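Step one of this worksheet: look at the structure below.
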2 protein chains.
Amino acid sequence: MIFSSKAEYGVRLMVELGRQSPEQPTSLKAIADAEGLPLAYLEQVVARLRKAGLVMSARGAHGGYWLARPAEEIAMVDVVQALEGAIAPMECFVHDHTERVLCSHEADAGRCATKLLWMRVQGGIIRSLQTTTLAELVEFSRRTELAQTA
Amino acid sequence: MIFSSKAEYGVRLMVELGRQSPEQPTSLKAIADAEGLPLAYLEQVVARLRKAGLVMSARGAHGGYWLARPAEEIAMVDVVQALEGAIAPMECFVHDHTERVLCSHEADAGRCATKLLWMRVQGGIIRSLQTTTLAELVEFSRRTELAQTA
DNA sequence: GGCAATCCGACCATCCTGGTAGGATATGAG
DNA sequence: CTCATATCCTACCAGGATGGTCGGATTGCC
């Protein structure tokens, strides 16, 4: 399993928000019920999305969440990154700029042949996430829903 | 971190084997020393590669491991798959054919919009792993080694 | 005021990961 | 034959991440 359930839940949540009109906020409870997810856990998930500026919120009665931008302008790479942190196939990719942990073979720096491989994998992942917008997923969700009703 | 250290160690091991002439086997100890990895743990890693038919082994004194095929004919997707198991971005992708666990929303089967996303991600990963051969990594390793010596 | 909601931090059980330990087995060298 | 070297196999274990719960503080509509 490459991505944690935070990503799964978070993406579901975003799709659900994308299906709602942005006029009035949607409560987490409604989403938790619709998707069958634990409310308390969803709170933690949506907090990440909010801090990343992807959703906005209103407190109090009749409060809730809505997309900060139209779904067309939200690339899934931003969503997943907000939920999972940096998208790195390997440990040494994470701290590249921050600490000096890197891989066990930092001494060999340039000689690290595996880095070439992980770079390509990372590229493949990011590219696929960048070329997918939330709007596509919402659209897909709507279509398959119709197909089921019919 | 998307891939575990098994993948990291296993890939290093394969590169190391690729650098050796396949005439005579290379002992794990030599690789462990060269790469600074724990021998006992490498044993578990190499066992997976052997069971996947990627390396062969000889027991006893002067025994060791060597590539089962030329490095040019080894796609990294096979290596990573042997080390990590199925390459699945999400839980529900793993048991697709075996058990009936799938995602928490199996009831919605077709309606699962996130599946579209994970499919694309999975595609991106597999494509990048399929188009990279062990020979490339070995070549890269040799080049950067030269660059360092010079 | 009361209810519905977001917010926040602490807590917790369980699983996975990375690694160790110990031994059984095979085999070439002397 | 024996010894050193090596693969092979299984069990075990500590620590951290994961997925989730709980309790409460705060906010704001009715």
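Chain letters run A, B, ... following the sequence lines, proteins first, then strands; residues in each count from 1. Not measured: the values here are computed from a predicted model.
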Rounding to an integer number of Å, can you tell me how far B/Ile2 CD1 sits from D/dA17 P? 16 Å
Please name the pair of heavy atoms, one in A/Glu84 and one in A/Ser4, separated by the smallest distance, quoted to 0.1 Å. OE2-OG, 2.6 Å
If only side-chain N and O atoms of A/Ser27 are considered, is one of them under 4.0 Å from the OP1 or OP2 phosphate oxygen of C/dT6? no
Separation of C/dA5 atom C1' from A/Met56 atom CE, nearest Å, is 17 Å
Under 4.0 Å: is that the gap between some side-chain N or O of A/Ser5 and OP1 or OP2 of D/dG19? yes
Side-chain N or O of B/Ser4 closer than 4.0 Å to phosphate OP1/OP2 of C/dG18: yes
Please state how far atom CG in B/Leu39 lies from atom P in C/dG22, giving the value in whole angstrom units. 15 Å
A/Ala61 vs A/Val46, nearer the 5' end of DNA chain C by closest nucleotide: A/Ala61
Return the 5'-most residue of the pair A/Lys6, A/His62 with respect to DNA chain D, ranking by each residue's nearest nucleotide. A/Lys6
Can you tell me whether the side chain of A/Arg59 and the base of D/dT26 have a donor-acceptor pair closer than 3.5 Å? yes
Are B/Glu136 and A/Arg120 ion-paired here, with the side-chain N under 4.0 Å from a carboxylate O? yes
Roughly how many Å is it from OH in B/Tyr65 to C1' in D/dA6, rounded to a whole number? 9 Å
Is the phosphate of C/dT17, meaning OP1 or OP2, less than 4.0 Å from a side-chain N or O of B/Tyr9? no
Have B/Glu8 and A/Trp118 got a donor and an acceptor in their side chains that come within less than 3.5 Å? yes
Any side-chain N or O of B/Tyr41 below 4.0 angstrom from OP1/OP2 of D/dC13? no
Candidates C/dT20, C/dT6, D/dG20 - which lies nearest the side chain of B/Ala40: C/dT20
Given atom CG of A/Leu17 and atom C1' of C/dT6, what is their separation to the nearest angstrom? 14 Å
Choosing from D/dC8, C/dA4, C/dA10, which nucleotide comes nearest the side chain of A/Gln44? C/dA10
Crowding at CD, B/Glu73 (>12 non-hydrogen neighbours, <6.0 Å): yes
Rounded interatomic separation in angstrom, taking CD from A/Glu43 and C1' from C/dA10: 14 Å
With side chain to side chain contact (heavy atoms under 4.5 Å, CB included) as the test, pick out the partner of A/Ile74 among A/Leu54, A/Val138, A/Thr133, A/Leu137. A/Leu54
Within the 4.0 Å heavy-atom criterion, would you say B/Ala58 contacts the bases, only the backbone, or no part of the nucleic acid? sugar-phosphate
Quickly work out the A/Lys51 NZ to C/dG9 C1' distance and round it to whole Å. 10 Å
Would you please confirm or rule out a distance under 4.0 Å between OP1 or OP2 of C/dC7 and any side-chain N or O of A/Arg50? yes
Atom-to-atom span, CZ of B/Arg48 to P of C/dT17 - whole angstrom: 9 Å
With a 4.0 Å cut-off, would you call B/Glu16 and B/Arg12 a salt bridge? no
Closest nucleotide of DNA chain C for A/Leu28 versus for B/Gly60: which of these residues is on the 5' side? A/Leu28
